[in-house]
Amino acid sequence: MRDLIDIQKKLYPDLLEIMQQRYVVLQNIELLQPIGRRGLAENTNLTERNVRGEIDFLHEQSLIDITSKGMQITKEGKLVIKQLSDFMQEAMGLSVLERQLKDKLQVNNIIVVPGNSDDYDWVKQEMGKACASFLKERVKSPKTIAVTGGTTMAAVASMMVPFDNAASSLFVPARGGIGEKEENQANTIVAKMAREAKGDYRLLYVPDPLSETSYQNIIKEPSINETLQLIKGSSVVLHGIGDALTMAERRKTPEEVTQQLKEKKAVSEAFGYYFDKFGDVVHKVRTIGIQLDDLSTVNQVITIAGGHSKANAIASYFKKGKSDLLITDEAAAEQILRDESL
């Protein structure tokens, strides 16, 4: 396929550019439908004039419908996106990024989606869609699936679809909540994922972080302990990676601890652990849920994180953190590969 694309670029460079543009427009309509022309222009970085021309063409080809509420993709449009997926992945250079990133981060499997999730929410949804597709293909028997919180995980939940054995699978929060927006809490995300996948779920009503005294008292509660055992027995873990200081602020971390994180040059955070650029743990928050050591017994650890701003954090975590699959975006991938210090 690579040779064919290289020949096409030489003979018909404009054709590939037009295909890529129309593919991106179709993707955005599918993810954001119903959407108007102005919204589509903002999310694709195209002028409204260009968007108008593409809409007219796609409508004539019966790939989209235009309604009073906005544009929506048709069955034919969904089929075109699916059939073009592998080709466009190669044509847009994403397959090359995936191969290079595998070598640099030493990860067995990487999926790179186009765009920058710092700038556009639809890119997070694309990462969520990739995760949902992966689960649909790989979960061949009933599983317990543990999920962390955050905006990226919320995007995964919004793109979740039913899959084989989902009805027999159990979704659980990987740890307690950190007092942020309800839609980004692990409990809320788990419940939504289970509904969309037609599975079951359990909730964990504990705060994150906890004092040592509170931790010892809470884990003695039978209902908490039962849920905790389910969480620690998970076969699949879905988690994000946070920027260290951003996560410290979200947790309302005391100033003296934040200062320590700065002094120890903390870069990333996952599962309540803070890591420096070498992947060494420099601070740990007392949480109820999955701990780093638990990951060694998990069959499938899936990491979803993207955006130019997360490049350092992603590279930091993957120095020593376990993951079987990284789903990221083009902006993060390019920055990690570009920066030789990462």
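The first residue of the sequence shown is numbered 1, and numbering continues consecutively from there.
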Show the nearest heavy-atom pair for residues A248 and L261, with the distance to one decimal. CB-CD1, 3.8 Å
Are the side chain of T328 and the backbone of A305 linked by a donor-acceptor contact shorter than 3.5 Å? yes
So that I can tick it off, tell me whether R38 and E48 are bridged by a salt bridge, with the cut-off set at under 4.0 angstrom between side-chain N and carboxylate O. yes
How far apart are the C-alpha atoms of Q125 and L32, what are their side-chain angles, what is the distance that settles it, and do they pass the side-chain contact (heavy atoms from CB on, under 4.5 Å) test? CA-CA 9 Å; Q125 290 179 307; L32 304 173; 3.3 Å; yes
same_hphob_cluster(V267, V257) at 4.5 Å side-chain heavy-atom cutoff: no
Quick check: do F318 and T303 have side-chain heavy atoms less than 4.5 Å from each other? yes
Count the heavy atoms belonging to other residues, nucleotides or ligands that lie under 6.0 Å from NZ of K136, then report whether that count exceeds 12. no
Between CG on residue D329 and CD1 on residue I111, distance to nearest 0.5 Å: 13.0 Å
Stepwise side-chain contact (heavy atoms from CB on, under 4.5 Å) test for L326 and I314: CA-CA 9 Å; L326 168 64; I314 293 169; 4.1 Å; yes
Test item: K192 and S158 side chains (from C-beta on) under 4.5 Å apart, heavy atoms: yes
Report yes if some heavy atom in the side chain of R251 is under 4.5 Å from a heavy atom in the side chain of E269; otherwise report no. yes
Tell me, do K232 and Q291 make a side-chain contact under 4.5 Å, heavy atoms counted? yes
Please determine whether the number of non-hydrogen atoms from other residues, nucleotides or ligands lying under 6.0 Å from atom NZ of K265 exceeds 12. no
Around K78, counting heavy atoms of other residues, nucleotides and ligands shown, do more than 12 lie under 6.0 Å from its NZ? no
Would you find more than 12 non-hydrogen atoms of other residues, nucleotides or ligands less than 6.0 Å from N109 atom CG? yes
Just how far is it from atom CE of M160 to atom CG of L238, taken to the nearest 0.5 Å? 6.5 Å
Given I145, V172, L170, the one that forms side chain to side chain contact (heavy atoms under 4.5 Å, CB included) with S234: V172
Crowding at CD, E249 (>12 non-hydrogen neighbours, <6.0 Å): no
Heavy atoms, side chains only, cut-off 4.5 Å: are L204 and V190 in contact? no
D276/K264 salt bridge by N-O under 4.0 Å criterion: no
Reference residue Y317; test ring-ring contact (aromatic ring centres under 6.0 Å, His included); the match among F278, Y273, F275: F275
What is the distance from atom CD of E330 to atom CD of E98, rounded to the nearest 0.5 Å? 11.0 Å
Are any of the side-chain nitrogens in K129 or E30 under 4.0 Å away from the carboxylate oxygens of its partner? yes
What distance do L79 atom CG and L63 atom CG have between them, rounded to the nearest 0.5 Å? 9.5 Å
Y120 and E42: side-chain donor and acceptor closer than 3.5 Å? no
Distance (rounded to the nearest 0.5 Å) between Q21 CD and E54 CD: 4.5 Å
Heavy-atom closest pair, residues Q100 and L337: OE1-CD1, 3.4 Å
What heavy-atom pair brings R175 and G272 nearest, and what distance separates the two atoms? NH1-N, 2.9 Å
Note, I81 side chain near I73 side chain (heavy atom, < 4.5 Å): yes
Check the pair R202 / E226 against salt bridge (charged side-chain N to carboxylate O under 4.0 Å, His left out), numbers first and verdict last. CA-CA 10 Å; R202 296 287 186 277; E226 180 185 353; 5.6 Å; no
At their closest point, which heavy atom of G240 faces which heavy atom of M153, and how far apart are they? N-CE, 3.7 Å
Show the numbers, then the answer: is there a side-chain contact (heavy atoms from CB on, under 4.5 Å) between V113 and V123? CA-CA 7 Å; V113 305; V123 181; 4.0 Å; yes
Parallel, tilted or perpendicular: ring planes of F271 versus H239, cut at 30 and 60 degrees: tilted
side-chain contact (heavy atoms from CB on, under 4.5 Å) between F171 and I189: does it pass, once the steps are laid out? CA-CA 9 Å; F171 292 81; I189 292 168; over 6 Å; no
Restricting to non-hydrogen atoms, name the atom on I64 and the atom on I55 that form the minimum distance, rounded to 0.1 Å. CD1-O, 3.8 Å
Got I302 and L135 here, is their nearest side-chain heavy-atom distance under 4.5 Å? yes
I want to check something: taking the side chain as every heavy atom from C-beta on, are Q27 and P114 in contact at a cut-off of under 4.5 Å? yes
Give me the one residue out of N299, V301, L295, V236 that meets side chain to side chain contact (heavy atoms under 4.5 Å, CB included) with D324. V301
How long is the straight-line distance from CG of D339 back to CG of N312, given to the nearest 0.5 Å? 6.5 Å
Looking only at heavy atoms, the pair that brings I290 and A146 closest together is CD1-CB, 3.7 Å
